[in-house]
Amino acid sequence: MIVLITGASSGFGAAMARRFAAGGHRVIAAARRADRLDKLREELGEALLPIVMDVTDPASIERGLARIPEAWRPIDVLVNNAGLALGTEAAPQCSLAEWTQMIDTNVKGLAAVTHALLPAMVARNSGLIINIGSIAGNTPYPGGNAYGATKAFVAQFTRNLRADLAGTGVRATNLAPGLCGGTEFSNVRYRGDDAAAARVYEGTAPLTPEDIADAAYWIATLPPHINVNHLELMPTCQGYGALNIKRST
Ligand code: NDP
Ligand code: 8X3
C-alpha cells in the first residue's frame with residue numbers, strides 16, 4: 001500500500017509512518033517541519049517519502065502533491081491526521097485567531113487534502129480515508145469550544161463521505177481517540193507551557209501514539225468489504241463527566 005499521512009512530523013503521524021513502514025508499506029509523510037520529516041526519512045529509509053506541506057495553504061498542498069513521483073501516485077490510504085487544539089479557555093476568553101487556525105487546519109485543511117486525493121481513489125474503485133477525529137467531536141467539555149466543533153465536522157464529514165462513496169470501493173473512517181500522551185498535542189494546546197502540558201497526563205496511563213497507529217493499521221488492513229465507520233478509543237482511566245448545573249444560592 002501507499003499511505004499518505006498528514007501531520008507525520010510528530011505524535012500519531014510519526015507513529016503511523018513507523019507502523020505502516022514496518023508492515024512493508026510505503027509512506028508519504030507530509031507536514032510543515034522539513035527537519036523532522038528528514039529525520040524520519042533517515043530512520044525509515046526508502047519506505048518514506050517526505051513532503052513539506054501546510055494544509056492551511058492550498059498552494060502549499062498543490063506544490064506538495066506535485067512533488068510526489070509517478071511511482072508513488074496511486075495513494076491507497078490517506079490519513080488526515082494534521083490538526084491541533086489551541087487553548088482551554090471558555091469561549092468568551094478565546095482568541096478568534098486561534099479559533100480560525102483550528103478551523104483552517106482541522107476542517108479546511110482536512111477537506112482540501114481529501115478533495116485533492118478522492119477523485120483518483122474513486123477512479124480506481126479503491127482507497128481508504130482515515131480521518132483523525134476526537135472524543136471532543138462527540139462529547140462537549142468546558143474549554144473544548146472550537147476544537148470540539150472542528151472534530152464534530154470530522155465525524156459528520158466522514159459519515160457523509162460514506163453516504164456518497166457507497167458502491168465506489170472507497171472506504172472512510174473516523175478514528176476518534178481520547179486522552180493520548182507522548183505527542184506534542186498538549187504542548188501546542190498550552191502554547192509551549194510544557195509543565196502545564198505534562199500535568200494533563202499526571203497520574204494517568206493514557207493512550208500512546210503506537211496504540212493509535214495500531215488501530216489505523218488494523219483499519220487499513222481489513223478485507224476491502226469491511227468499512228469501520230467510527231472507532232472511538234479511550235484509555236481505561238478516562239470516562240464521561242456529569243452535566244454542569246449552576247444553581248443560584
Ligand atoms: P502533535 O502535535 O504531536 O501532531 C500534530 C501534527 O500535525 C504535527 O505533525 C504537525 O506538524 C501537524 N500539523 C499541524 N498543523 C499543520 C499544518 N497547518 N499543516 C500540516 N501539518 C500540520 O499531536 P497529535 O499527534 O496528538 O495529534 C494528531 C491528531 O490527533 C490531531 O488532529 C489531533 O487533534 C488529534 N487528536 C489528538 C489527541 C491527543 O490526545 N493527543 C486525541 C484525539 C485526537 P508540523 O508542525 O510539522 O506541521
Ligand atoms: C484530544 C482529546 O479530550 O483533549 O482531541 O479533546 S481532548
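For ligands, and for the atoms within them, numbers begin at 1 and follow the listed sequence. From a predicted model like this one, the values you see are computed outputs, not experimental measurements.
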Pairs touching residues 150-164 that satisfy salt bridge (Lys or Arg N to Asp or Glu O under 4.0 Å), sequence neighbours left out:
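Passing the test, one end in residues 150-164: no pairs.
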
Return each pair, listed once, that meets salt bridge (Lys or Arg N to Asp or Glu O under 4.0 Å) where at least one residue sits in residues 37-59; pairs must be two or more places apart or across chains.
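Only R18-E43 qualify under salt bridge (Lys or Arg N to Asp or Glu O under 4.0 Å).
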
Would the distance check show the side chain of N187 and the main-chain N or O of G192 forming a donor-acceptor pair, the cut-off being under 3.5 Å?
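Side chain of N187 to backbone of G192: no pair is present.
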
Work out which heavy atom in L65 is nearest to a heavy atom in M53; give both atom names and the distance.
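Taking every non-hydrogen atom into account, CD2-CE, 3.7 Å.
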
Side-chain touch I130/N80, heavy atoms, less than 4.5 angstrom:
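No, side chains not in contact.
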
Would you check if D214 and I212 make a side-chain contact, meaning some heavy-atom pair closer than 4.5 Å?
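The answer is no, as the side chains (C-beta and beyond) never meet within the 4.5 Å cut-off.
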
Are F185 and Y190 close enough that their ring centers fall under 6.0 Å?
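No, the ring of F185 stays outside the 6.0 Å limit from the ring of Y190, centre to centre.
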
Return yes when atom CD of E62 has more than 12 non-hydrogen atoms of other residues, nucleotides or ligands closer than 6.0 Å, and no otherwise.
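It does not: E62 CD has 12 such atoms or fewer within range.
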
Residues around ligand 1, heavy atom under 4.0 Å from any ligand atom, sorted by chain and number. Can you pull those?
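Residues near ligand 1: G7, A8, S9, S10, G11, F12, A31, R32, R33, M53, D54, V55, T56, N81, A82, G83, T105, I132, G133, S134, Y147, K151, P177, G178, C180, T183, E184, F185.
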
Look at the rings of H25 and Y217 and say which category their plane angle falls in: under 30° parallel, 30 to 60° tilted, over 60° perpendicular.
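Aromatic pair H25/Y217 classed tilted.
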
Got the residues with a heavy atom under 4.0 Å of ligand 2, by chain and number?
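For ligand 2, the residues that come within the 4.0 Å heavy-atom cutoff are S134, I135, A136, Y141, Y147, F185, R189.
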
